[in-house]
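Taking it in order: structure first as structure tokens, then the write-up.
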Protein chains: 2
Amino acid sequence: MSDRPYHHGNLRRALLDSAVELIAERGPASLSLREVARRAGVSHAAPAHHFADKTGLLTAVAAEGWRLLTAALADRAATADFGELGVSYVVFATSHPAHFAVMRTPGLVHPDDPELVAARDGAGTLLYRGAGVPGEDAGRPAASSGRGRVLAAWSLVHGLAVLLQEGLVAPGPGEDIETLARAVTAQLAPA
Amino acid sequence: MSDRPYHHGNLRRALLDSAVELIAERGPASLSLREVARRAGVSHAAPAHHFADKTGLLTAVAAEGWRLLTAALADRAATADFGELGVSYVVFATSHPAHFAVMRTPGLVHPDDPELVAARDGAGTLLYRGAGVPGEDAGRPAASSGRGRVLAAWSLVHGLAVLLQEGLVAPGPGEDIETLARAVTAQLAPA
DNA sequence: TGCCATATCTGGACATTGACAAGATGCTCC
DNA sequence: GGAGCATCTTGTCAATGTCCAGATATGGCA
């Protein structure tokens, strides 16, 4: 408490960064709020002033993850077909493992947090448009091939990303993630 | 401690059941070992004699889940094609949500536990055979269409099961899980 | 039958954690 | 320059996971 100023300046960002670091090292389940504070160089109660509770911090990490995913998808959304959008999804998940782990782990976030919902919906819109059949409207019956196709596409890339993160699946020697993802998305029936 | 006998009789099973109950109610992240013990009617330290630690208990739940999944798949494995196997996978996940949540949540189990590995491999064999192209051998190059197809099939059903459990996807009114799962697996390109 | 080795379970202890309360510090705007 | 507020700290509390020593039951062996 001597050399450091009383006010951090940008503690919220520093806490988010420390949290992501720790999650990358030890997983989201064993994250300790006090250790996040220690790593950011502040007292154990400081995080409470930026995030209501531990779940609030994780919710913010998840929301940031959805925004990062949205940005990654938007880079390709204009020109790419679903295959390339799916590749982007998988590449995001493997290149931001901590964010993705928080996004997909049940019970870690406040599911109705407005910031989280907005961020997730933003990515969802891009994914839905990317997977949907062009020219189809949204009000179709539930089991129609249109909804089935969107669900299949989303399930496909999400499932692959999860299997990769769990280590249940890994790229072959000399194979990169993009190649693997393309081989998988190619298995989806053509629209 | 008066009416209850000092020795429980089948505490291991009772602890597993209590754990599954609690996970179904509040999710796997907030499971408390002491509360599992309370619900089973034993002291807070009793679980240590049947499971090394909290992770050990969750590992046992996950292993049981994989065995239940294997049994469900085996019921259909003889006659069914991949589509029906995938439907079984999704039905298992939605009808055993607590087990499935532990199986898919990162960092909850001892990943190298022999019992867990054996149980998971048992299910994996059935899934691999179900998704694979008949007559194809295993030593193909990594990105071949054969491996891509297996990965796609596995990713597809796992992803759908996850999306259903998270509530990000739900069957339409009057639609059941099997119908939805069939609509999704139908989107996989024919072998 | 009697007795001991072992498996099973209890109660107490300790460090760590998330959350809360009250006070200290520094910024901002009048 | 002073009031009001956001930011951060210290102190505290109940709950948790894990460890330890001891109590209790069970089964084998004389």
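In what follows, chains carry the letters A, B, and so on, assigned in the order in which the sequence lines appear, proteins first and then strands, with residues in each chain numbered from 1.
Listed by chain and residue number, B/E21, B/E25 satisfy the side chain to side chain donor-acceptor pair (under 3.5 Å) test with B/R39 (two or more places apart in sequence, or in another chain).
Remark: side-chain polar atoms of A/E115 are not paired, donor with acceptor, to backbone N or O of A/A60 under 3.5 angstrom. Checking side-chain atoms of B/D121 against main-chain N and O of B/G124 turns up no donor-acceptor pair under 3.5 Å.
Sorted by first then second residue, the salt bridge (charged side-chain N to carboxylate O under 4.0 Å, His left out) pairs that include residues 156-168 of chain B, not counting sequence neighbours, are B/R104-B/E166.
Nearest nucleotide to the side chain of B/L11, out of C/dC9, D/dT9, C/dT10: C/dC9. Nearest nucleotide to the A/R38 side chain, out of C/dT17, D/dT18, D/dT9: C/dT17.
The NE2 atom of A/H44 sits 11 Å away from the P atom of C/dT17 (whole-angstrom rounding). C/dG18 atom C1' lies 15 Å from atom CG of A/L15, rounded to whole Å. Rounded to an integer number of Å, the gap from CD of A/E35 to C1' of C/dA19 is 18 Å. The distance from atom CG of B/L33 to atom C1' of C/dC9 is 14 Å, rounded to the nearest whole Å. Residue B/L22 contributes atom CG, which lies 16 Å from atom P of D/dA15 at whole-angstrom precision.
Residue A/S32 has a polar side-chain atom (N or O) positioned under 4.0 Å from OP1 or OP2 of C/dG18.
In the region residues 49-64 of chain B, proximity to DNA chain D at under 4.0 angstrom, judged on heavy atoms, holds for B/D53, B/K54.
Taking the six-membered ring where the residue is Trp, A/F92 and A/H96 present parallel rings, their angle staying beneath 30° rather than reaching 60°.
Counting only heavy atoms from C-beta outward, the side chains of A/P171 and A/T179 never approach each other to under 4.5 Å.
Remark: the B/R34 side chain and the D/dT18 base include a donor-acceptor N/O pair separated by less than 3.5 Å.
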